[in-house]
Amino acid sequence: MTDTAATIPEIEITRHQLRRRVLQVDRCETLTPLMRRIVLTGNDLEPEFPYYPMAIADHVKIMFPNPETGELVVPDIADNRLAMDPQQPAPIFRDYTVRDFNNKTGELTIDFVLHEHGVAGRWAIDAKPGDEIGVFGPRGSKHYPTTHPWYILGGDETALPALSRWIEELPASARGVAVIEVPSAEEVQELTGDAGIEVRYLYREGKPSRLEQALRAVELPDSEYFVWMAGEAGMLRPIRRYFRKELGLPRERAEFDGYWKVGTVNLDHHATDEDD
């Protein structure tokens with residue numbers, strides 16, 4: 001099939017005013033041994049919180065208490081930016097995908113990967129009702145088209161919240177495959193939706209990633225398709241090369257988001273990769 005710029009559905013972006021919120025943990029749910037769902041509420045959580053169908057990449061910046069002192073630093077906002085107070089300790093923050101928002105109950109849901117070597121993962125392990133964190137954003141919403149006939153989705157366990165939304169929110173007319181690499185079979189989550197998306201899980205079991213090989217094994221459709229991948233930045237690099245350079249897929253039909261990087265604290269996932 002021959003693509004032209006006119007036939008490729010556009011990704012639309014809505015910008016939002018940055019908003020400061022101090023929210024409280026309402027409840028926690030264990031999804032898998034390494035994934036915990038935390039539901040946040042509070043008076044600062046406005047009913048108009050930006051949450052749209054197919055804005056699956058939306059994320060918030062979460063401020064965590066200092067693990068040593070317990071102090072929570074939540075900056076003010078000036079000119080739609082965080083206003084850091086030089087008289088205060090620097091805030092401790094990480095970016096997280098918005099898993100769900102219910103404007104009727106006033107509940108914001110975030111899924112956390114649990115691990116002992118990071119501030120956010122350690123906080124999520126011990127989180128209990130009443131604990132406070134700061135939440136800023138989203139700064140913008142990226143609305144993905146639902147009109148591609150085929151989708152190839154993938155990533156590691158950190159991409160599961162976004163991948164869950166992809167599969168839940170794509171229309172019944174969509175077809176495709178999602179290839180997800182997790183540490184072990186215990187980390188499998190059942191992902192369901194109306195679309196005809198086949199979900200395939202890989203288990204690392206302490207070995208190097210096999211996600212690239214699994215994606216190369218996916219039989220490509222004759223029709224036009226869209227690719228979305230997220231996870232560890234180094235893992236995504238050869239996958240990006242495969243789709244963009246080997247297959248020649250245009251940028252409008254292939255997105256890769258490095259959520260984290262081995263050896264890097266608080267990776268700026270907006271930064272352009274050296275392969276781009």
Side-chain angles (χ1 to χ4, degrees), residues 9 11 31-32 34-35 37 52-59 96-100 109-113 142-205 208-244 246-247 249 251-260 269:
I11 297 174
L31 300 179
T32 69
L34 294 179
M35 185 77 78
R37 175 164 295 168
Y52 305 98
M54 289 304 298
I56 57 88
D58 282 9
H59 58 275
Y96 272 85
T97 300
V98 176
R99 179 62 182 87
D100 188 40
T109 300
I110 308 289
D111 289 351
F112 289 82
V113 176
K142 183 180 289 188
H143 309 273
Y144 289 92
T146 61
T147 52
H148 296 285
W150 235 78
Y151 293 80
I152 301 177
L153 312 171
D156 62 17
E157 61 271 25
T158 64
L160 267 168
L163 290 169
S164 299
R165 288 193 57 185
W166 269 110
I167 293 169
E168 290 170 359
E169 298 176 18
L170 279 171
S173 59
R175 296 292 181 269
V177 61
V179 184
I180 309 168
E181 187 170 66
V182 294
S184 70
E186 291 183 310
E187 296 307 310
V188 169
Q189 296 183 35
E190 184 177 356
L191 310 183
T192 59
D194 293 333
I197 304 296
E198 177 190 355
V199 179
R200 304 175 186 175
Y201 274 100
L202 303 173
Y203 311 134
R204 280 196 304 277
E205 302 290 358
S209 173
R210 295 182 293 116
L211 185 59
E212 178 195 357
Q213 296 93 313
L215 288 165
R216 286 179 175 273
V218 171
E219 184 176 353
L220 300 177
D222 293 331
S223 62
E224 171 262 311
Y225 60 94
F226 181 84
V227 172
W228 187 91
M229 302 279 155
E232 200 277 323
M235 174 194 72
L236 293 178
R237 190 170 294 118
I239 297 171
R240 180 190 295 109
R241 290 173 184 154
Y242 167 61
F243 282 107
R244 284 192 176 161
E246 291 188 40
L247 298 181
L249 204 63
R251 290 178 181 273
E252 295 83 359
R253 282 176 37 209
E255 287 213 352
F256 305 88
D257 199 340
Y259 280 177
W260 64 288
H269 66 102

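For reference, positions follow the sequence shown, starting with 1. Please read all numbers here as calculations on a predicted model, not as lab measurements.
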A.B. asks: Between W150 and V177, does the side chain to side chain contact (heavy atoms under 4.5 Å, CB included) criterion hold? Intermediate values first, please.
C.D. replies: CA-CA 8 Å; W150 235 78; V177 61; 4.0 Å; yes
A.B. asks: Grab the two heavy atoms, one from Q189 and one from L160, that are nearest each other, plus how far apart they are.
C.D. replies: NE2-CD1, 3.7 Å
A.B. asks: Are E255 and Y144 linked by a side-chain donor-acceptor pair shorter than 3.5 Å?
C.D. replies: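 Yes - a donor-acceptor pair under 3.5 Å links their side chains.
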A.B. asks: Got Y259 and D156 here, is their nearest side-chain heavy-atom distance under 4.5 Å?
C.D. replies: no
A.B. asks: Answer yes or no: is there a donor N or O on one side and an acceptor on the other, between the side chain of R37 and the main chain of L31, under 3.5 Å?
C.D. replies: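 No; zero donor-acceptor contacts below 3.5 Å.
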A.B. asks: Give the minimum heavy-atom separation between P161 and E157, together with the two atoms involved.
C.D. replies: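 Smallest interatomic distance, heavy atoms only, reads CD-O, 4.1 Å.
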A.B. asks: How close do E181 and S209 get, heavy atom to heavy atom, and via which atoms?
C.D. replies: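 Looking at all heavy atoms of both residues, the shortest contact is OE1-OG, 2.7 Å.
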A.B. asks: Can you tell me how far apart CE (M235) and CG (L211) are? Round to the nearest 0.5 Å.
C.D. replies: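 Taking CE in M235 and CG in L211, the distance rounds to 5.0 Å.
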A.B. asks: Taking side chain as C-beta onward, heavy atoms only, is L170 less than 4.5 Å from M54?
C.D. replies: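 They are in side-chain contact.
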A.B. asks: Can you name the nearest heavy-atom pair linking R204 to P183, along with the distance?
C.D. replies: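 Taking R204 first and P183 second, the nearest heavy atoms are NH2-CG, 3.4 Å.
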A.B. asks: As an exercise, state the distance from OG1 of T97 to CD1 of I110, rounded to the nearest 0.5 Å.
C.D. replies: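 Taking OG1 in T97 and CD1 in I110, the distance rounds to 8.0 Å.
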A.B. asks: Where do W228 and I56 land on the side chain to side chain contact (heavy atoms under 4.5 Å, CB included) test, with the steps shown first?
C.D. replies: CA-CA 11 Å; W228 187 91; I56 57 88; 3.9 Å; yes
A.B. asks: To the nearest 0.5 angstrom, please state how far the OG1 atom of T158 sits from the CZ atom of F112.
C.D. replies: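 Going from the OG1 atom of T158 to the CZ atom of F112 covers 13.5 Å.
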A.B. asks: What is the distance from atom CG of L153 to atom CG of L215, rounded to the nearest 0.5 Å?
C.D. replies: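 Separation between the atoms: 10.0 Å.
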A.B. asks: So Y52 and H143, would you call those rings parallel, tilted or perpendicular, with 30° and 60° as cut-offs?
C.D. replies: perpendicular
A.B. asks: Would you give the length of the straight line joining atom NZ of K142 to atom CD1 of I11, rounded to the nearest 0.5 angstrom?
C.D. replies: 6.0 Å
A.B. asks: Could you pull out all residues at least two apart from E246 that satisfy salt bridge (Lys or Arg N to Asp or Glu O under 4.0 Å)?
C.D. replies: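 Listed in chain order: R216.
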A.B. asks: How close do P145 and Y151 get, counting heavy atoms only, and between which atoms?
C.D. replies: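 In this case the closest contact between P145 and Y151 is O-OH, 2.8 Å.
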A.B. asks: Could you walk me through whether V179 and M229 pass the side chain to side chain contact (heavy atoms under 4.5 Å, CB included) check?
C.D. replies: CA-CA 9 Å; V179 184; M229 302 279 155; over 6 Å; no
A.B. asks: Between W260 and E232, is the side chain to side chain contact (heavy atoms under 4.5 Å, CB included) condition met? List the steps.
C.D. replies: CA-CA 5 Å; W260 64 288; E232 200 277 323; 3.5 Å; yes
A.B. asks: Strictly distance-based, threshold 3.5 Å: is any side-chain N or O of R99 a donor or acceptor partner for the main-chain N or O of S164?
C.D. replies: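 No; zero donor-acceptor contacts below 3.5 Å.
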A.B. asks: If you define the side chain from C-beta out and look only at heavy atoms, does anything of I197 sit under 4.5 Å from W166?
C.D. replies: no
A.B. asks: So how far is it from I167 CD1 to D194 CG, rounded to the nearest 0.5 Å?
C.D. replies: 12.0 Å
A.B. asks: I want to check something: taking the side chain as every heavy atom from C-beta on, are R175 and P149 in contact at a cut-off of under 4.5 Å?
C.D. replies: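 No, every pair of side-chain atoms sits at 4.5 Å or beyond.
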A.B. asks: In chain order, what residues pass the salt bridge (Lys or Arg N to Asp or Glu O under 4.0 Å) check against E186, with sequence neighbours excluded?
C.D. replies: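 E186: no salt bridge (Lys or Arg N to Asp or Glu O under 4.0 Å) contacts found.
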A.B. asks: Do you know which two heavy atoms are closest between R210 and Y203, and how far apart they sit?
C.D. replies: NH2-O, 3.3 Å
A.B. asks: State, yes or no, whether a side-chain contact exists between T32 and V182 at a heavy-atom distance under 4.5 Å.
C.D. replies: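 Heavy-atom side-chain distance check fails, nothing below 4.5 Å.
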